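What follows is a set of notes on a single structure, which appears directly below.
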Amino acid sequence: MKRLITSYLIIFCVAYSIPLYAQQPNANGLYREAIKALNVGDSKGAIEKFQAAIKVNNNYTDAWYYLGMTYMREEMYKEAIFSFRSLEKINPTYKISMYYEVVKAYIATNQLTNAGFYAKKYIAKLPKGPKATKSQHLAKNRLIYASESVNIRKLPNSTTNPVPVDAVNSISGDYMPQVNPTGTRLYFTSVRKGGFDFQNANSKPNDWGEDIYFSDLTNDVWSTPELLPEPLNSTGNDFGSAFTGDGQVMVYVKCSDTKGVGSCDLYITELNGTEWSQPVNMGNVVNSEDWESQPTISSDGNRIIFSSTRKGGYGGSDLYMTEKNHLGDWGIPQNLGSTINTPLSDGSPYLAPDGKTLYYSTAGHPGFGGTDIFYSVFENDKWSKPENLGTPINSEGDDTNFSISASGFGYMASSRLDENNFDLYKVELPDHLKPKPTAVVQGVVSDGESEEPLQALVLVEDIDTGELLAVNKSNSESGEYLVVLPAGRNYSVSASSEGYFFYSQSFELPKDTTYQEIVKDIALEPIKKGVKVVLNNIFFETGRAELKPISYVELNKAVKLLEENPTMIIEIGGHTDSQGSEEANLALSSKRAQAVVDYMVLAGLDQARLQAKGYGESQPIADNSTKEGRAANRRTEFEIVGF
């Protein structure tokens with residue numbers, strides 16, 4: 001969030017050596033004093049000296065220009081406009097860049113017509129040729145902003161007013177919120193007193209250094225914020241936390257680390273039980289020698305999008321994405337392209353739980369002033385044109401750091417009430433700006449006999465194609481797991497742990513599904529003789545013994561389990577509901593059990609280790625008078641008969 005920008009000081013230092021016109025010695029001396037004041041950060045003193053020099057010589061072009069630049073630095077935009085326009089009258093060709101500064105100042109004061117007029121002037125005065133291409137792109141961007149923002153600001157409100165999260169906000173800056181998928185925990189960054197406090201001569205009032213906090217929602221009330229422990233927080237600036245859907249992997253930002261790659265780097269850490277691992281710098285494949293910040297990580301933990309000032313971007317800072325490769329390593333970040341990124345700075349990305357909807361902030365697209373929050377969806381291998389979230393979500397202030405739960409409640413940071421300070425707000429989005437629907441499946445993995453929590457590998461697969469979509473773990477101490485399943489696919493969610501029989505469950509989520517939370521506790525049965533489990537994801541054609549292809553994911557897991565346990569002998573039991581005659585059901589169940597054996601033999605297992613047996617309708621586990629009961633009774637069971 002914080003970046004020390006020294007470009008003005010560089011400009012002023014250069015200006016000190018610029019040959020001056022033959023101005024009066026008194027004016028020259030005042031000008032030099034103004035430059036000295038700037039070089040020690042005394043803007044107020046510099047303004048007074050520039051003004052004094054101009055009073056002595058009203059045609060002192062250098063003084064007018066750097067007075068305007070100082071006003072821009074201090075965000076005194078009306079005064080900057082007066083300075084630059086006065087300079088224009090004296091010498092319209094003094095510096096072409098002064099026209100761009102006027103454009104910025106007019107936009108900052110919402111004088112869009114004047115901004116467009118000066119953008120055209122700037123474009124007309126820019127030199128032609130390859131060395132001016134970036135400046136031309138920037139000028140065109142500002143012209144489009146000035147012309148299109150007029151119409152955007154006339155649109156009706158998109159939703160109700162954002163509501164301050166008073167239980168969380170402080171008198172200090174609070175920003176970079178991330179809400180978990182179920183909307184029950186909110187992480188954020190704050191510079192409030194009471195963390196790992198640190199101040200120096202450059203610290204602003206009520207700024208005690210950036211630390212990461214969280215708050216829990218209970219009975220619709222947010223709890224008193226709590227500080228994340230060491231080593232996540234320190235006396236340095238620690239900020240911009242982003243979590244996977246299950247909250248067990250965090251990516252965040254640390255700055256000014258002597259062992260780091262750049263000025264600010266991305267770090268990653270994992271939750272082991274109740275303790276976070278030592279944060280690890282993501283290295284120079286992901287981090288550059290420049291500035292990396294404001295990460296978001298996908299719910300499944302496979303992608304990270306972040307903001308960076310590395311070379312080769314479109315503007316001040318651009319959005320980049322890194323993905324895990326087949327070895328589990330993070331790959332070279334790729335720029336998200338010119339549809340997303342602009343000639344200005346683009347930041348604060350948030351990848352929604354659906355894995356396709358991106359929210360981010362920029363001043364580079366037409367909007368309401370300052371930075372606005374935009375929305376884009378990745379479809380057909382490309383990002384859609386960013387859409388402004390509209391008013392009152394966006395305001396004349398800086399609106400940024402948007403985050404949204406899977407259930408559809410958003411949180412953001414905004415300076416709308418205090419231009420020098422950010423607070424957190426809750427937002428209700430209209431349906432067309434929400435992410436695609438998802439289902440959140442969560443529960444506890446435990447030992448089926450002792451009921452003690454277990455750490456297990458939790459896999460999410462496309463049951464139709466067999467594609468592995470995500471690899472998660474249940475918490476080693478609590479056994480808790482959580483996976484987010486975007487709509488539009490059929491899934492297999494399985495849990496496995498060494499020494500236990502795996503468990504799988506299928507979930508069908510058509511595109512038109514709505515948000516849902518599914519609690520599914522999983523009891524894994526220890527591998528030993530006599531243990532019997534149901535394989536939930538084995539399916540047959542109706543009334544027949546032909547395996548459906550969606551069964552292959554489950555059957556391949558069973559094959560792998562037997563390969564890992566070469567002394568295990570399994571009985572495959574087929575079961576039916578009570579529809580039809582007993583004889584027909586017994587025959588069907590026997591054929592289905594044999595079909596499973598045939599598949600596993602074809603996969604390479606010794607047939608002597610596999611026994612097929614049909615039980616028909618003789619061993620129901622649910623009421624056959626209901627549809628749900630009959631579905632439960634139609635099952636395939638594995639029993640360990642030898643080990």
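Numbers for residues simply follow the sequence, beginning at 1. Here the structure is a predicted model, which is why all the values come from computation and not from measurement.
Proximity of a side-chain donor or acceptor of S215 to a complementary backbone N or O of S223 within less than 3.5 Å is detected. Between the side chain of N169 and the backbone N or O of V165 there is at least one donor-acceptor pair closer than 3.5 Å. Between the D197 side chain and the G194 main chain, a donor and an acceptor come within less than 3.5 Å of each other. Formation of a donor-acceptor pair under 3.5 Å by the E477 side chain with backbone atoms of N475 is not found in this model. Not a single donor-acceptor pair under 3.5 Å links the side chain of R142 to the backbone N or O of A115. The backbone N or O of N287 sits nowhere less than 3.5 Å from a side-chain atom of N284 that would complete a donor-acceptor pair. Without hydrogens or angle criteria, T322 side chain to G331 main chain gives a donor-acceptor distance under 3.5 Å. Under the 3.5 Å distance criterion, the side-chain polar atoms of S307 are left unmatched by any main-chain donor or acceptor of S293. Between the side chain of E74 and the main chain of S43, no donor-acceptor pair closer than 3.5 Å is present. Remark: the backbone N or O of G173 is not paired with any side-chain donor or acceptor of R192 at under 3.5 angstrom.
If you look at Y122 and Y100, their ring centroids are closer than 6.0 Å.
Dense packing is recorded around NZ of K254, with more than 12 heavy atoms of other residues, nucleotides or ligands lying under 6.0 Å away. The number of heavy atoms from other shown groups lying within 6.0 Å of CZ (F196) is above 12. Counting non-hydrogen atoms of neighbouring residues, nucleotides and ligands closer than 6.0 angstrom, the CD atom of E396 reaches no more than 12 such neighbours. No more than 12 heavy atoms of other residues, nucleotides or ligands shown are found within 6.0 angstrom of CD on E419.
Closest of all the heavy-atom pairs between T362 and S345 is OG1-O, 3.2 Å. When all heavy atoms are compared, the tightest approach of G260 to N281 is CA-ND2, 3.8 Å. The minimum heavy-atom distance between P386 and S376, with the atom names listed, is CA-CB, 4.3 Å. Across all their heavy atoms, G313 and Y320 have their closest contact at CA-OH, 3.7 Å. Across all their heavy atoms, S149 and L112 have their closest contact at CB-CD1, 3.8 Å. The shortest heavy-atom contact between Y252 and F239 is CB-O, 3.6 Å.
Looking only at atom types and distance, the side chain of S97 has a donor-acceptor partner in the side chain of Y65 under 3.5 Å away. Between the side chains of S298 and N302, no donor-acceptor pair is found at a separation under 3.5 Å.
Taking the six-membered ring where tryptophan is involved, the planes of F422 and Y175 are perpendicular, since the angle between them exceeds 60° and thus also 30°.
Interatomic distance, Q278 CD to E230 CD, rounded to the nearest 0.5 Å: 9.5 Å. Atom CD1 of I373 and atom CG of L433 lie 11.0 Å apart (nearest 0.5 Å). Rounded to the nearest 0.5 angstrom, N237 CG and C255 SG are separated by 6.0 Å. Between Q199 atom CD and D207 atom CG the span is 7.0 Å, to the nearest 0.5 Å. Expressed to the nearest 0.5 Å, how far OH of Y375 lies from CD1 of I404 amounts to 9.5 Å. Residue L482 holds its CG atom at 12.0 Å from OG of S474, rounded to the nearest 0.5 Å.
Between Q442 and E517 the shortest side-chain heavy-atom distance falls below 4.5 Å. A 4.5 Å side-chain heavy-atom check between Q294 and V253 finds every atom pair outside the cut-off. Residues M176 and I212 are not in side-chain contact: their nearest non-hydrogen atoms beyond the backbone lie 4.5 Å or more apart. Contact annotation: the side chain of V441 approaches that of L485 to within less than 4.5 Å [non-hydrogen atoms, C-beta and beyond]. Put simply, the side chain of L351 does not reach to within 4.5 Å of the side chain of I297, judged on heavy atoms. When side chains are defined from C-beta on, P333 does not count as touching E292, because their heavy atoms never get closer than 4.5 Å. In this structure the side chain of L469 reaches within 4.5 angstrom of the side chain of Y491, judged on heavy atoms. Residues T269 and L232 have side chains in contact (heavy-atom distance under 4.5 Å, counting atoms from C-beta outward).
For the side-chain contact (heavy atoms from CB on, under 4.5 Å) criterion with V251, the lone passing option out of T296, V286, I268 is I268.
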Walk me through whether N388 and H365 qualify under side-chain contact (heavy atoms from CB on, under 4.5 Å).
CA-CA 8 Å; N388 193 299; H365 293 301; over 6 Å; no

Residues D346, I340; criterion side-chain contact (heavy atoms from CB on, under 4.5 Å); working and verdict:
CA-CA 8 Å; D346 309 288; I340 297 295; 5.7 Å; no

Output, in order, the C-alpha distance, side-chain angles, deciding distance and verdict of side-chain hydrogen bond (donor to acceptor under 3.5 Å, both in side chains) for N401 and S348.
CA-CA 5 Å; N401 304 135; S348 302; 2.9 Å; yes

Step by step, work out the side-chain hydrogen bond (donor to acceptor under 3.5 Å, both in side chains) result for S317 and T309.
CA-CA 4 Å; S317 60; T309 60; over 6 Å; no

Just do the side-chain hydrogen bond (donor to acceptor under 3.5 Å, both in side chains) check on T400 and T371 with the steps written out, would you?
CA-CA 7 Å; T400 184; T371 56; 5.0 Å; no

Verify side-chain contact (heavy atoms from CB on, under 4.5 Å) between R73 and L38, making sure each step is shown before the conclusion.
CA-CA 11 Å; R73 179 187 185 184; L38 282 174; 3.6 Å; yes

Verdict with reasoning, D246 to V483, per side-chain contact (heavy atoms from CB on, under 4.5 Å)
CA-CA 6 Å; D246 61 6; V483 294; over 6 Å; no

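Look at E289 and K311 and you find no salt bridge, because none of the NZ, NE, NH1 or NH2 atoms lies under 4.0 Å from a carboxylate O. Using a cutoff of 4.0 Å between basic side-chain nitrogens and carboxylate oxygens, E467 and R489 are scored as salt-bridged. A salt bridge links E428 with K434: the closest approach of a Lys/Arg side-chain nitrogen to an acidic carboxylate oxygen falls below 4.0 angstrom.
Remark: R416 qualifies as a cation-pi partner of Y425 under the 6.0 Å distance and 45° angle criteria applied to the six-membered ring.
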